[in-house]
Participant: 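Structure provided below as structure tokens; questions to follow.
Residue numbers begin at 1 in each chain, while the letters A, B, ... track the order of the sequences. What you see is a predicted model, and the numbers here were worked out from it, not measured in a lab.
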There are 2 protein chains.
Amino acid sequence: MPSPPPPAGRPTSKDVARHAGVSQSTVSLVLAGKWRGRVSPATVETVRDAAAALGYRPNTSARSLRLGRTRTVMLVVPVLTSPFFGAVHSGAARVAAERDFGVVVYPTLDGADLAPNAFSPAAIDGVLASSMAAEPLDVLRSAGPGTGHLPLVMLDSEPGHGVPTVNHDVAEGMRTIAEYVVGLGHRRVARLRSTVRTWTFEARDAAFRAALGPAEVVAEACAPLTLDGGREAALSLLAAPARPTALLCDDDLQAAGAYKAARALGLRVPDDLSVTGFDDMRYARVVEPELTTFRLPAVELGARGMTALLDLLDTGDAGPDVVLPGELVIRGSTAPPTPA
Amino acid sequence: MPSPPPPAGRPTSKDVARHAGVSQSTVSLVLAGKWRGRVSPATVETVRDAAAALGYRPNTSARSLRLGRTRTVMLVVPVLTSPFFGAVHSGAARVAAERDFGVVVYPTLDGADLAPNAFSPAAIDGVLASSMAAEPLDVLRSAGPGTGHLPLVMLDSEPGHGVPTVNHDVAEGMRTIAEYVVGLGHRRVARLRSTVRTWTFEARDAAFRAALGPAEVVAEACAPLTLDGGREAALSLLAAPARPTALLCDDDLQAAGAYKAARALGLRVPDDLSVTGFDDMRYARVVEPELTTFRLPAVELGARGMTALLDLLDTGDAGPDVVLPGELVIRGSTAPPTPA
DNA sequence: AGGGGATAGTCATACGTATGACTTAGGGAT
DNA sequence: ATCCCTAAGTCATACGTATGACTATCCCCT
């Protein structure tokens with residue numbers, strides 16, 4: 001005998017069979033619910049009782065091997081410490097659990113590239129990937145079985161690459177928030193962008209400019225989506241000769257950094273400077289005054305994305321691309337400009 | 001033939017063997033690195049080339065079935081939207097990836113109890129669980145193979161239940177921060193606690209009182225670790241007849257709520273009221289003035305916990321219980337009391 | 001020349017499950 | 001009495017891997 005790994009001790013379907021006085025096949029049929037016309041109701045009950053008595057739970061590896069599917073999907077996110085992706089995971093995990101799927105998380109730690117062997121430990125039926133550029137996307141697609149493709153759904157990514165997508169309506173958000181600020185009467189606005197050029201970089205910009213109307217952009221800068229990044233960039237923006245009366249940021253945390261810059265320059269928010277964020281993460285209400293921002297339903301993004309992926313696995317069709325609307329949240333960081 | 005699931009198409013070790021002109025056993029030996037004394041270097045190279053040429057990656061399910069181990073562990077956390085647990089996951093995931101383990105996350109969504117069947121989708125070698133009470137712990141322990149126990153390491157949990165633990169030194173943190181505040185000259189302090197009674201509830205309290213010295217506690221309350229929870233509870237604490245000059249909170253977000261209460265009452269931080277947080281999450285620097293707090297190394301907690309768990313799986317020994325020291329971070333929210 | 005040992009492999013099997021093909025028993029219709 | 005049909009199960013096998021037991025060379029030593 002080729003050395004059984006440790007005597008195990010966990011009951012198998014064979015143990016249940018012996019205990020119930022039937023064959024292993026019967027146990028399998030009963031527990032899979034495919035017994036109609038093959039097993040009598042009385043036997044079904046016997047088997048179920050035996051399984052319960054032994055505390056039998058099927059061996060996932062064996063089942064996956066036989067079925068060729070693992071009921072596990074991978075969620076690829078930049079990093080989980082961000083509350084945004086935490087929320088995405090939360091929604092995705094809930095849906096997966098409901099449909100009896102497991103989720104393994106692959107964090108592409110701080111832009112580190114997706115390792116081609118990223119999928120070694122866990123066997124994966126599909127991938128739900130967030131905000132990725134083009135090349136990692138190729139890695140993912142080519143990682144499938146054989147020459148085929150691994151079923152894939154992308155979040156907040158450019159549609160039209162033959163991959164189903166679920167997106168936030170970021171452009172609409174930008175438009176809404178810009179219109180609101182201009183509507184308050186601001187004419188000199190500054191813009192603080194993200195250094196990461198996602199595919200929405202241009203679309204966001206177009207929406208912003210389209211909503212500008214009579215206002216003009218007096219300063220613009222890119223900064224990482226961090227507190228210090230926001231502070232430093234805002235510091236230079238606010239030093240512009242024609243000082244802006246409003247500052248639109250790509251992110252709540254960045255906006256919080258802008259608060260720090262304003263304070264350092266002796267400017268009061270919103271009296272001397274209106275500030276807006278984006279996303280409506282928890283930071284938005286922590287700052288004082290609370291931040292006017294555009295809420296993105298991150299939890300729902302994860303949930304809808306997972307739904308699409310599991311539909312794709314089950315039925316071969318992920319359904320149409322989804323664009324989730326957000327919502328303007330008006331708080332205390334915006335006000336009409338003080339007449340100079 | 002009993003119906004092969006779809007022709008698959010992904011190369012197996014058998015395909016590699018055919019391609020290299022050797023037997024499947026040889027492929028397995030080579031790729032497992034156990035060929036010394038059994039396979040010639042030339043053949044080893046041939047096999048490796050063939051594997052690379054076909055893009056062979058071993059089938060995880062089959063390997064797990066054969067080996068009886070899955071190289072996947074489960075991380076149990078209350079909820080991932082909290083930056084704290086996001087950080088824990090981040091550290092844990094890094095270590096797991098380094099040691100070629102997968103991680104599935106089980107979020108006990110908002111205190112929902114741990115479902116006994118929580119482990120169905122993914123096959124698990126062990127569990128890394130965070131901040132749990134006693135009963136779920138039992139669920140975990142009894143979920144192991146047979147009557148045995150599933151290997152388990154606990155984070156921020158009471159040691160001495162026969163389960164290895166990795167903890168933050170919360171009591172020391174409380175002592176440090178209280179000593180610092182009293183050292184500044186405060187004599188009337190208030191305390192804002194968490195409503196969740198973790199096992200450190202008493203220990204924290206003892207440390208706090210021991211560090212009090214000449215100071216006295218003029219008010220105390222419990223509140224959820226949220227912005228609004230902190231604000232409302234702080235509101236009542238600050239209405240106490242002998243108004244405290246310092247307010248120590250169990251959490252940074254709660255402390256941010258306390259800022260709101262102070263502002264509502266016209267109290268300036270730190271001139272009229274010193275405030276301290278706990279954890280040093282990102283909120284701590286977002287608020288103005290930035291928050292004096294006690295930094296807990298959450299990422300390292302996850303990393304050390306995962307290390308202990310994988311050691312337990314590999315060697316049968318998780319090593320001694322770990323207590324990670326934190327660090328007092330002094331920022332602008334604390335100052336000597338203004339002489340009344 | 002014969003034996004012994006190293007070297008280089010192959011063979012056969014088991015892990016636990018799912019399922020098409022087969023078997024057996026019973027009963028009703030002709 | 002014969003035949004067929006359905007119900008109720010069992011049998012056998014395959015999924016892909018890992019590994020102990022076995023086999024076949026070849027070379028060196030006495």
Participant: Can you tell me how far P of C:dG16 sits from CZ of A:Arg18, to the nearest Å?
Facilitator: 11 Å
Participant: According to a strict under-4.0 Å criterion, is A:Thr26 in side-chain N/O contact with OP1 or OP2 of D:dT10?
Facilitator: yes
Participant: Within the structure, does a side-chain N or O atom of A:Arg63 lie under 4.0 Å from either OP1 or OP2 of C:dA18?
Facilitator: yes
Participant: For A:Tyr56 and A:His19, I'd like to know if the aromatic rings sit close, meaning centre-to-centre distance below 6.0 Å.
Facilitator: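 No, the ring centres sit 6.0 Å or more apart.
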Participant: The side chain of B:Ser25 is closest to which nucleotide in this list: C:dT19, D:dT19, C:dT17?
Facilitator: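 Looking only at heavy atoms from C-beta outward on B:Ser25, the closest nucleotide is D:dT19.
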Participant: Less than 4.0 Å between a side-chain N and a carboxylate O, is that true for A:Arg99 and A:Asp314?
Facilitator: yes
Participant: Under 3.5 Å, which donor-acceptor pairs do the side chains of residues 298-309 of chain B form with other protein atoms, sequence neighbours left out?
Facilitator:
from, atom 1, to, atom 2, distance (Å)
B:Glu300, OE2, B:Arg304, NH1, 3.3
B:Thr307, OG1, B:Ala303, O, 2.8

Participant: Going by the side-chain contact (heavy atoms from CB on, under 4.5 Å) test, name the single residue among B:Leu310, B:Val104, B:Leu128 that passes it with B:Val73.
Facilitator: B:Leu310
Participant: I need the CG-C1' distance between B:Leu54 and D:dG16, as an integer number of Å.
Facilitator: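 It works out to 15 Å between those atoms.
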Participant: Between B:Lys34 and D:dT19, does any side-chain N or O lie under 4.0 Å from OP1 or OP2?
Facilitator: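 Checking D:dT19 against B:Lys34, a side-chain N or O does come within under 4.0 Å of OP1 or OP2.
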Participant: Among D:dG9, D:dT19, C:dT10, find the nucleotide with the atom closest to the side chain of A:Val39.
Facilitator: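 The answer is D:dG9.
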Participant: At less than 4.0 Å, is any side-chain N or O atom of A:Thr12 found next to OP1 or OP2 of C:dG16? Yes or no.
Facilitator: no
Participant: Quiz question: by atom type and distance under 3.5 Å, do the side chains of A:Thr43 and A:Ser40 form a donor-acceptor pair?
Facilitator: yes
Participant: Taking CG from A:Asn59 and P from C:dA14, how many angstroms apart are they, rounded to a whole number?
Facilitator: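 Interatomic distance, CG of A:Asn59 to P of C:dA14: 17 Å.
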Participant: Please state how far atom CZ in A:Arg66 lies from atom C1' in C:dG16, giving the value in whole angstrom units.
Facilitator: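 From A:Arg66 CZ to C:dG16 C1': 11 Å.
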Participant: Taking only the side-chain heavy atoms of B:Leu65 (C-beta and beyond), determine which of D:dT17, C:dG9, C:dG16 contains the nearest atom.
Facilitator: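 Between D:dT17, C:dG9, C:dG16, the one nearest the side chain of B:Leu65 would be C:dG16.
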Participant: Base, sugar-phosphate, or nothing: which does A:Ser64 touch, judged by heavy atoms less than 4.0 Å apart?
Facilitator: nothing
Participant: Just checking, is any N or O donor in the side chain of A:Ser23 or A:Thr26 under 3.5 Å from an acceptor N or O on the other one?
Facilitator: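 Judged by distance alone, the side chains do pair up.
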Participant: Polar pairs (N or O, both sides) under 3.5 Å between protein and nucleotides 4-7 of chain D?
Facilitator:
none

Participant: Of all the nucleotides listed (C:dT17, D:dA18, D:dT17), which has the minimum atom distance to the side chain of B:Ala62?
Facilitator: D:dT17
Participant: Roughly how many Å is it from CG in B:Leu67 to P in C:dG16, rounded to a whole number?
Facilitator: 13 Å
Participant: Please tell me which of B:Leu31 and A:Leu29 maps to the more 5' nucleotide of DNA chain D, matching each residue to the nucleotide holding its nearest heavy atom.
Facilitator: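 So the residue in question is A:Leu29.
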Participant: Over how many whole Å does the gap from B:Arg69 atom CZ to C:dC15 atom C1' extend?
Facilitator: 13 Å
Participant: Look at B:Ser28 and D:dT17 and indicate whether a side-chain polar atom (N or O) is within less than 4.0 Å of OP1 or OP2.
Facilitator: no
Participant: B:Val27 near the nucleic acid: base, sugar-phosphate alone, or nothing, with a heavy-atom cut-off under 4.0 Å?
Facilitator: nothing
Participant: Round to the nearest Å and state the distance from B:Gln24 atom CD to C:dG9 atom C1'.
Facilitator: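 Rounded to whole Å, this separation is 13 Å.
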Participant: For A:Pro151 and A:Leu312, which heavy atoms make the closest approach, and how far apart are they?
Facilitator: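 Heavy atoms of A:Pro151 and A:Leu312 come nearest at CB-CD2, 4.0 Å.
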Participant: May I have the distance from B:Arg36 (atom CZ) to C:dT7 (atom P), rounded to whole angstrom?
Facilitator: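 So the CZ-P distance, B:Arg36 to C:dT7, works out to 14 Å.
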Participant: Does A:His168 form a ring-ring contact (aromatic ring centres under 6.0 Å, His included) with A:Phe84? I'd like the steps, not just the answer.
Facilitator: CA-CA 12 Å; A:His168 281 133; A:Phe84 184 85; 5.8 Å; yes
Participant: By the 4.0 Å heavy-atom rule, please label A:Thr43 as base, sugar-phosphate, or nothing.
Facilitator: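 If one applies the 4.0 Å heavy-atom cut-off, A:Thr43 turns out to touch the sugar-phosphate alone, with no base involved.
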Participant: Please compare B:Ser40 and A:Tyr56 by the position of their nearest nucleotide in DNA chain C and report the one closer to 5'.
Facilitator: B:Ser40
